[in-house]
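See structure below.
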Amino acid sequence: MQKDPLVIAGRAYQSRLLVGTGKYKDFAETRVAVDAAGAEIITVALRRVNLGQDKDAPNLLDVLPPDRFTILPNTAGCYTAEDAVRTCRLARELGDWKLVKLEVIGDPQTLYPDMRQTYEAAKVLIAEGFEVMVYSVDDPVACKTFAEMGCVAVMPLAAPIGSGLGIRNPYNLRIILEQATVPILVDAGVGTASDVAVAMELGCDGVLLNTAIAAAKDPILMAEAMRLGVDAGRKAFLAGRMPRKLYASASSPVDGTFFE
Ligand SMILES: CC(=O)[C@@H](O)[C@H](O)COP(=O)(O)O
């Protein structure tokens with residue numbers, strides 16, 4: 001057993017990197033990237049990817065079998081609470097999935113979440129027994145509210161989905177983390193390995209990403225870089241950063257020098 005697992009809804013995971021499955025060349029590349037990332041939780045846009053809704057089309061589960069990976073259906077493409085709830089119910093019917101990623105989009109240009117619709121959907125889904133990992137704005141009050149409602153993980157954005165801009169508001173993340181009572185994962189907008197390392201160094205419990213791997217020139221190499229970035233950031237967080245100082249202090253002892 002690993003000493004430092006990520007625990008979500010009572011289940012322990014060794015990997016703190018969650019990945020999406022969109023934007024890859026094909027399912028085969030998706031699988032190789034997932035393996036290179038070392039991811040155990042894989043999120044899938046139920047409205048866009050075939051998980052068995054179409055019996056005649058290739059099924060992603062043939063390359064990512066649910067007995068090996070935790071499949072996290074998500075509600076990407078939903079603009080209302082009603083649509084998001086319907087999508088999660090379909091997930092339950094299709095694969096008996098109750099761990100879901102809730103995202104209710106408010107605007108096609110920013111893909112920011114519509115918080116009113118997201119609260120509404122979270123309330124219904126939690127009451128129906130779903131374990132909700134929720135995509136949120138990086139607002140400490142919003143994130144605290146989702147945790148109090150019973151979401152099993154809260155996932156503030158780093159930057160707009162697909163933007164690759166990295167962690168735009170580390171100060172908000174610090175407040176969110178200080179108040180956290182459930183796992184906090186950065187979701188969306190990271191662009192490269194140093195971004196995920198920063199998220200983990202801040203104390204995030206994990207990172208969920210998609211575009212930064214799928215849109216890299218070499219997705220498989222980037223997947224590996226992301227895995228290492230998450231591990232390095234987590235270790236640095238646990239090790240505890242040295243305090244920042246304005247002035248220099250010599251790296252080697254100044255007392256007892258051999259020569260005057
Ligand atoms: C895959 C998924 O759920 C996305 O909606 C997610 O937010 C990832 O965003 P990036 O593609 O910016 O990593």
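These numbers come from the heavy atoms of this one structure, side chains and all, not from hydrogens, waters or symmetry mates. Bear in mind the structure is a predicted one, so any value in this text is a computation, not a measurement. Each ligand, and each atom within it, is numbered from 1 in the order the structure gives.
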Exercise for the section: Please determine if Thr43 has a nitrogen or oxygen closer than 3.5 Å to a nitrogen or oxygen of ligand 1. Expected result: no
Exercise for the section: State plainly whether the residues Lys144 and Glu178 are in salt-bridge range, i.e. N to O under 4.0 Å. Expected result: no
Problem - Nearest neighbour in protein (non-hydrogen) for atom 9 (O) of ligand 1 - result: Ala188 CA, 3.3 Å
Handout entry: Side-chain donor-acceptor contact under 3.5 Å, Lys101 with Thr75
Key = no
Practice task
Examine Ser163 against ligand 1 and note whether any of their N/O atoms are separated by less than 3.5 Å.
Solution key: no
Problem - N-O pairing of Asp4 and Arg16 below 4.0 Å - result: yes
Fill in the blank from the handout: re atom 11 (O) of ligand 1, the protein heavy-atom contact at minimum distance is Thr211 OG1, 2.4 Å
Handout entry: Test item: Tyr13 and Ile41 side chains (from C-beta on) under 4.5 Å apart, heavy atoms
Key = yes
Practice task
Please report which non-hydrogen protein atom sits nearest to atom 5 (O) of ligand 1, along with the residue it belongs to and the distance in Å to one decimal place.
Solution key: Glu103 OE1, 3.1 Å
Problem - Among Leu157, Asn210, Asp187, Leu209, closest by any non-hydrogen atom to atom 6 (C) of ligand 1 - result: Asp187
Handout entry: Nearest neighbour in protein (non-hydrogen) for atom 3 (O) of ligand 1
Key = Lys101 NZ, 2.6 Å
Handout entry: Asp107 and Thr110 side chains, donor-acceptor separation under 3.5 Å
Key = yes
Practice task
Say whether Gly189 and ligand 1 are in contact under the criterion: heavy-atom distance to a ligand atom below 4.0 Å.
Solution key: yes
Completion exercise
The closest protein heavy-atom partner of atom 12 (O) of ligand 1 is Gly162 N, 2.7 Å
Handout entry: N-O pairing of Arg86 and Asp83 below 4.0 Å
Key = yes
Practice task
Treat each ILVMFWY residue as a node, draw an edge where side-chain heavy atoms are under 4.5 Å apart, and state whether Ile213 and Phe27 are in one component.
Solution key: yes
